[in-house]
Amino acid sequence: MTTYFIDGQFLSKEDVNISIDDRGYYFGDGVYEVIKVYNGSLFTAAEHIARLFQSAQKIKMTIPYSEQQLIDVAKELVKANEISTGHIYLQVTRGAAPRVHQFPDFSVPVVVTGYGLVNPRPTTNLEKGVAAKLVEDVRWLRCDIKSLNLLGNVLAKQEAYEEGCAEAIFVRDGIITEGSSSNLFGMKDGIVYTHPATNLILNGITRQVVLQLCEENGIPVVEKPFTPQEAFEMDELIITSTTAEVTPVIQLDDKEIGTGMPGPITKKLQAAFALRIPAFVTGN
Ligand code: PLP
């Protein structure tokens, strides 16, 4: 049975009691994180929790825990849910109050919730690659915030799914920004290109790991946006995220990318990424 964290308590689902006036429910007024668990250990937890606090600060919300306390909550959720491979979800909303747009009184406590889920690695996608679809980026201009407001992402992903694609790739003003729940990288003539970490994308934790791996492996990177036409002509494309890891994109719209198979830089990055995965339960 899944164990949830609700404002300081670890509860089973039947015992969870969230207010219908929660601003997360009315407005999507909150922020969240997804942290991967490999072999019972959290992966890049400190980075995810730091980003949760940054997102909260950007929407003028104070989290009543320390970063270490939330890491400890995540660890407890791993244990309580007996997760070997899966993820932890954490969410903070601006609390429960009568529905008016402006913030409630500061005495209204924010609501911190979380759960853990067993979720295997996407091994088939990692080996074979996936198809993706270009979709117009109609989201707001603060995509750097990991906000609960995901309607633009949800609609885009659905559009991609309906065409048999695993991911929607956003295009804003003629340039590619990111995926609906991932970052995009393209490789051309040995150089890796990706959109810079501006307000137009979420600076993915996996994106940052991949940039480090490129540096460690002597793979040159240019953080510069590219167009759909340039994407079609890339030798390789990948999407990165906490759950997708380093997934090859072998088809974009109706165009095959490169050879239509995961390319050499992709494989090198996947191998380097795999070396970072915690191999066994360390108790951390
Ligand atoms: N971009 C968006 C819009 C996302 O929703 C996500 C993850 O959900 C990412 C990028 C990848 O971020 P991360 O690597 O931190 O999971």
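Positions are given from 1, in the same order as the sequence printed here.
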task: Say whether Asp22 and Ser19, considering side chains only, have a donor N or O and an acceptor N or O under 3.5 Å apart.
output: no

Side-chain touch Leu77/Phe10, heavy atoms, less than 4.5 angstrom: yes

task: Answer yes or no: is there a side-chain heavy-atom contact under 4.5 Å between Lys75 and Val78?
output: no

- request: Only counting residues at least two apart or in another chain, list the ones meeting salt bridge (Lys or Arg N to Asp or Glu O under 4.0 Å) with Glu223.
  value: Arg207

- prompt: Which pair of non-hydrogen atoms, one from Pro228 and one from Gly174, has the smallest distance, and what is that distance?
  reply: CD-O, 3.4 Å

query: So, does Asp235 use its side chain to make a donor-acceptor pair with the main chain of Gly258 at under 3.5 Å?
result: no

- prompt: Distance from Ser181 atom OG to Ile239 atom CD1, nearest 0.5 Å?
  reply: 7.0 Å

Under 3.5 Å: donor-acceptor pair, side chain of Asn125, backbone of Val130: no

field: Heavy-atom closest pair, residues Gly28 and Ser147
entry: O-OG, 4.3 Å

task: Let me see the working for Val135 and Gln158 under side chain to side chain contact (heavy atoms under 4.5 Å, CB included), right down to the final yes or no.
output: CA-CA 11 Å; Val135 175; Gln158 181 61 22; over 6 Å; no

field: Interatomic spacing from CD in Glu33 to CG in Leu52 - rounded to 0.5 Å
entry: 5.5 Å

field: Any donor-acceptor N/O pair, Arg23 side chain to His101 backbone, under 3.5 Å
entry: yes

field: Nearest non-hydrogen partners of Ala45 and Leu42, listed with the distance
entry: CB-CB, 3.8 Å

- request: Please name the pair of heavy atoms, one in Tyr161 and one in Ala166, separated by the smallest distance, quoted to 0.1 Å.
  value: CE1-O, 3.6 Å

- request: With side chain to side chain contact (heavy atoms under 4.5 Å, CB included) as the test, would you mind laying out the steps for Asn203 and Gln208 before giving the verdict?
  value: CA-CA 7 Å; Asn203 188 7; Gln208 295 170 53; 3.4 Å; yes

- prompt: Taking a hydrophobic cluster as the set of Ile, Leu, Val, Met, Phe, Trp and Tyr residues connected by side-chain heavy atoms closer than 4.5 Å, whether directly or through intermediates, do Phe43 and Leu213 fall within one such cluster?
  reply: yes

message: Let me confirm one number: the OG1-NZ distance from Thr85 to Lys36, rounded to the nearest 0.5 Å.
response: 6.5 Å

Chi angles and distances behind the side chain to side chain contact (heavy atoms under 4.5 Å, CB included) call for Asp15, Gln9: CA-CA 10 Å; Asp15 297 325; Gln9 287 183 293; over 6 Å; no

query: Under 3.5 Å, side chain of Gln91 to main-chain N/O of Tyr32, donor-acceptor pair present?
result: no

query: CZ/Arg99 to CZ/Phe27 distance, rounded to the nearest 0.5 angstrom?
result: 4.0 Å

task: Would you mind reporting whether Ser182 and Thr240 have side-chain heavy atoms less than 4.5 Å apart?
output: no

- prompt: Should Val37 and Leu70 be counted in the same cluster of Ile, Leu, Val, Met, Phe, Trp and Tyr side chains packed under 4.5 Å apart?
  reply: yes

field: Any Val246 side-chain heavy atom under 4.5 Å of Phe185 side chain
entry: no

- request: Anything under 30° is parallel, anything over 60° is perpendicular, the rest tilted; go ahead and classify Tyr4 against Tyr115.
  value: tilted

query: Would you say the side-chain atoms of Asp29 pair up with the backbone N or O of Thr93, donor to acceptor, closer than 3.5 Å?
result: no

- prompt: Would Gln212 and Arg276 count as having a side-chain donor-acceptor pair, cut-off 3.5 Å?
  reply: yes

Sidechain-backbone polar pair: Glu178 side chain, Leu202 backbone, donor-acceptor under 3.5 Å: yes

task: Would you indicate whether the side-chain heavy atoms of Gln68 and Ile71 approach each other to under 4.5 Å?
output: yes

- prompt: Out of curiosity, Ile35 CD1 to Leu90 CG, how far, rounded to the nearest 0.5 Å?
  reply: 5.0 Å

task: Please check if atom CG in Leu275 has more than 12 non-hydrogen atoms from other residues, nucleotides or ligands closer than 6.0 Å.
output: yes

- prompt: Is there a donor-acceptor contact under 3.5 Å from the side chain of Asp253 to the main chain of Lys255?
  reply: no

field: Side-chain heavy atoms of Ile176 within contact of Val171, under 4.5 Å
entry: yes

message: Testing the basics here: between Leu126 and Gln270, what is the closest heavy-atom pair and its distance to 0.1 Å?
response: O-NE2, 2.9 Å

Interatomic spacing from OG in Ser241 to CD in Glu167 - rounded to 0.5 Å: 8.0 Å

- request: Could you walk me through whether Leu269 and Phe273 pass side chain to side chain contact (heavy atoms under 4.5 Å, CB included), step by step?
  value: CA-CA 6 Å; Leu269 289 173; Phe273 189 89; over 6 Å; no

- prompt: Does the His87 side chain pair with the main chain of Leu117, one donor and one acceptor, at a distance under 3.5 Å?
  reply: no

message: Closer than 3.5 angstrom, by distance alone: can the side chain of Arg121 be matched with the main-chain N or O of Tyr38 as a donor-acceptor pair?
response: no

query: Are Glu245 and Thr206 close enough that a side-chain donor and a side-chain acceptor fall under 3.5 Å?
result: no

query: Is the shortest heavy-atom distance from the side chain of Glu127 to the side chain of Pro262 under 4.5 Å?
result: no

message: Could you see if Leu211 belongs to whatever hydrophobic cluster contains Met234? Use Ile, Leu, Val, Met, Phe, Trp, Tyr and a side-chain cutoff under 4.5 Å.
response: no

- prompt: Are Val154 and Val138 joined in one hydrophobic group, where the rule is that I, L, V, M, F, W and Y side chains link up if heavy atoms are under 4.5 Å apart?
  reply: no

- request: Assess whether atom NZ of Lys268 is packed by more than 12 heavy atoms of other residues, nucleotides or ligands within 6.0 Å.
  value: no

task: Determine whether Leu11 and Phe5 fall in the same hydrophobic cluster, where Ile, Leu, Val, Met, Phe, Trp and Tyr are linked whenever their side-chain heavy atoms lie under 4.5 Å apart.
output: no

message: How close do Cys214 and Val192 get, counting heavy atoms only, and between which atoms?
response: SG-CG2, 4.3 Å

- request: Taking atom CD of Glu215 as the centre, report whether more than 12 heavy atoms of other residues, nucleotides or ligands fall under 6.0 Å from it.
  value: no

- request: Measure from the side-chain N and O atoms of Asn217 to the backbone N and O of Ile219, and report whether any donor-acceptor pair falls under 3.5 Å.
  value: no

task: Kindly determine whether Glu233 and Gln229 satisfy side chain to side chain donor-acceptor pair (under 3.5 Å), including the steps that lead there.
output: CA-CA 7 Å; Glu233 290 162 10; Gln229 191 53 43; 2.8 Å; yes

message: Is the shortest side-chain heavy-atom distance between Cys143 and Leu200 below 4.5 Å?
response: no

field: side-chain contact (heavy atoms from CB on, under 4.5 Å), paired with Pro225, selected from Thr194, Asp173, Ile175
entry: Ile175

What pairs of donor and acceptor atoms, side-chain ones from residues 56-65 against any protein atom, are under 3.5 angstrom apart with sequence neighbours left out?
from  : atom 1 : to     : atom 2 : distance (Å)
Lys58 : NZ     : Asp144 : OD2    : 3.0
Tyr65 : OH     : Gly8   : N      : 3.2

